[in-house]
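First the structure, in the form of structure tokens, and then the observations on it.
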Amino acid sequence: MIIGTAGHIDHGKSTLVTALTGRPMDRLAEERRRQITIDLNFAPLELGGRTAGIVDVPGHEDFVRTMVAGASGIDLALLVIAADEGIMPQTEEHLLILEQLGVPAGIPVITKSDLVEPDWLDLVSLEVAERIQSSPIAFEPPVPVSARAGSGMDTLRQWLAMAIRSPSRPSISDGFRMPVDRVFSIAGVGTVVTGTPWSGRLLIGDAVLVLPLGLRGRVRSLESYGRPAERAEPAVRTAVGLSGIDRAQLSRGAVVVTDDLPWATGTALDVEIALDRRTERPLTSRTRVRLLLGTGEVMARVYPPAPIEPGTRSMARLKLETALVARSEDRFVLRSYSPVSTIGGGRVVDPFPPRKRGIWPAGLASTNPAERLQALVERRPGGIEAAQLPLLLGVPPRVAAEAARGARELRLLGHLWTPTSLIEAVGGRALALLRAYHREHPSSPGMPLETLRHSLKASEVVIEAALADYAQAGRLRRSDSVVTLAGFVPRVTGGDAEIDRIVGILSSAHLTPPSVPELERSTGHRDLHPLLRLAAATGRIEAVERDRYYAREALEQFALALTDLAREGAILPAAVRDRLGLSRKFVIPLLEWADERGITVREGDGRRLRQKVRVQSDIP
């Protein structure tokens with residue numbers, strides 16, 4: 001569990017943490033000189049045999065950015081309010097930040113209780129109780145304490161001990177991600193980064209990627225709360241020693257991830273924004289804001305469908321001036337550009353939004369993964385990569401896969417979760433293209449498969465699924481090379497009788513058939529190619545050359561002649577010519593046809609039979 005402080009400057013946050021942990025918080029010389037916290041400080045808290053991490057954050061308004069970096073990823077907030085001052089401006093701002101970050105639970109701690117009268121303390125306690133009543137954070141009742149006198153500290157420890165016993169931790173069966181809040185070097189270790197892992201598990205020796213820099217390294221060592229650790233897990237403060245990455249390359253705001261998920265940076269996020277009711281003006285298109293997510297801060301411009309009024313929620317696109325890594329359901333804080341103040345926050349609903357804006361399905365804001373998945377598919381009609389789904393839904397891979405498998409409108413094609421409506425649409429387009437093709441080419445045995453694929457303009461897996469579905473439904477037929485509508489029969493002018501006549505001419509010519517142009521002149525046909533292809537599709541004739549067809553019986557006789565010649569030795573072109581009385585114009589193409597059909601194999605100037613087979617097996 002990670003416990004974080006929040007509250008106005010000089011309300012005793014660091015003193016409270018020191019009283020709880022026994023460790024001084026202001027580690028920097030400047031902090032001790034100015035007697036204020038200006039950076040994040042961390043300490044372990046031992047309670048009931050369990051260890052929690054405490055993050056002490058600055059309270060000064062100039063260090064809100066640092067406060068957000070420390071508050072990101074905490075499980076329990078200690079909202080610190082001094083009894084002698086009550087709720088102050090930074091108390092309100094820090095509370096707003098905690099709410100926008102989605103911190104689940106909190107304890108209001110009224111410090112310096114020994115400095116006020118009991119009646120005044122009661123009034124401050126009542127004020128705090130009324131203020132937190134409307135907060136979405138599950139706050140416990142206010143706990144008055146005096147860190148210096150020790151009063152109330154046992155009660156606070158009891159509350160903390162109960163919270164530590166039942167922490168709600170993210171799944172370790174998720175992709176590892178840790179926003180970096182500190183970077184330094186240690187002799188013998190090298191570069192060290194610290195942070196609180198948000199998800200997943202990290203082991204010594206694991207390869208890591210540091211985003212958005214794109215740096216790759218390896219885990220040299222792990223440490224938690226000052227002790228060596230075997231692994232890093234969510235909600236446990238962790239120091240990671242890295243090899244292969246120079247300390248000068250890193251800074252707060254970087255994110256350490258592993259390749260368990262396809263983490264990526266981007267410069268656009270689709271988000272749900274909650275604008276604080278105390279904000280002076282609405283958020284309009286192109287408003288420049290400061291986006292604080294994880295431990296980083298980037299400038300961005302807001303593009304909402306309509307102006308976002310104070311006290312309302314709305315979807316919007318954020319165009320980032322610097323790339324960052326994000327995941328759906330990530331919480332963030334928004335601050336105005338100038339003057340700088342916290343104006344609200346929200347959560348990421350699509351970390352890799354489509355280029356086209358204006359598609360905002362209702363389910364996009366849902367907290368139900370199944371409903372959000374439906375909205376994401378509506379924005380991606382071409383499908384969603386299975387590996388990317390956990391990032392788009394903001395859930396572990398197992399939960400993402402279950403949501404996809406439970407969606408009736410999705411099918412897994414290869415690595416793509418594809419809308420069934422897309423598969424049906426591609427199948428419908430295929431039928432329309434086949435109808436048009438059959439009208440224009442009535443004598444063709446079918447539309448070439450590659451031509452159909454190119455015309456459908458869809459991914460290969462979707463086309464294959466659509467053709468398979470429609471073939472199984474009996475609406476089309478396909479082979480390795482052509483596709484037709486079910487029931488389609490090729491037709492030519494003159495019908496079967498004309499086909500019989502042309503095939504008869506070729507049969508009569510035996511092994512010296514006319515070329516196609518010669519056949520067209522002798523028969524008066526303008527274009528015999530459709531008829532010849534149709535006859536060839538039935539196996540009655542075959543093209544030996546581009547413009548010359550032979551009858552099946554003639555080719556069978558030629559194959560038998562080769563078998564006879566093979567008994568006498570090598571099959572030579574001259575021997576074939578003499579045996580069959582053919583000119584070289586016919587002999588050479590026929591021998592090459594026999595090679596292609598696997599009847600013969602060329603050896604030097606001659607040929608031999610590939611194997612002893614029945615001629616009828618080689619000729620259809």
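Note that the coordinates shown come from a computational prediction; the quantities given were computed from them, not determined experimentally.
Counting non-hydrogen atoms of neighbouring residues, nucleotides and ligands closer than 6.0 angstrom, the CZ atom of Arg501 exceeds 12 such neighbours. Within a 6.0 Å radius of CD in Glu603, other residues, nucleotides and ligands contribute more than 12 heavy atoms. Counting heavy atoms of neighbouring residues, nucleotides and ligands inside a 6.0 Å radius, atom CD of Gln374 does not exceed 12 of them. No more than 12 heavy atoms of other residues, nucleotides or ligands sit less than 6.0 Å from atom CD of Glu460.
In this structure the side chain of Val210 never reaches within 4.5 angstrom of the side chain of Val255, judged on heavy atoms. Counting heavy atoms from C-beta outward, Leu590 and Leu582 have side chains that approach closer than 4.5 Å.
For Ser366 and Asn368, the side-chain atoms include no donor-acceptor pair closer than 3.5 Å. For Trp593 and Glu542, the side-chain atoms include at least one donor-acceptor pair closer than 3.5 Å.
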Residues Glu498, His525; criterion side chain to side chain donor-acceptor pair (under 3.5 Å); working and verdict: CA-CA 11 Å; Glu498 188 63 12; His525 278 279; 2.5 Å; yes
Worked check of salt bridge (charged side-chain N to carboxylate O under 4.0 Å, His left out) between Arg379 and Asp270: CA-CA 12 Å; Arg379 303 182 108 207; Asp270 280 354; 2.5 Å; yes
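Test Thr600, Leu565, Val601 against Leu609 for side chain to side chain contact (heavy atoms under 4.5 Å, CB included) and you get one pass: Thr600.
With sequence neighbours excluded, the residues that form a side-chain contact (heavy atoms from CB on, under 4.5 Å) with Arg286 are Arg301, Tyr303.
Between Phe488 and His438, the two ring planes are parallel [angle under 30°; tilted spans 30° to 60°].
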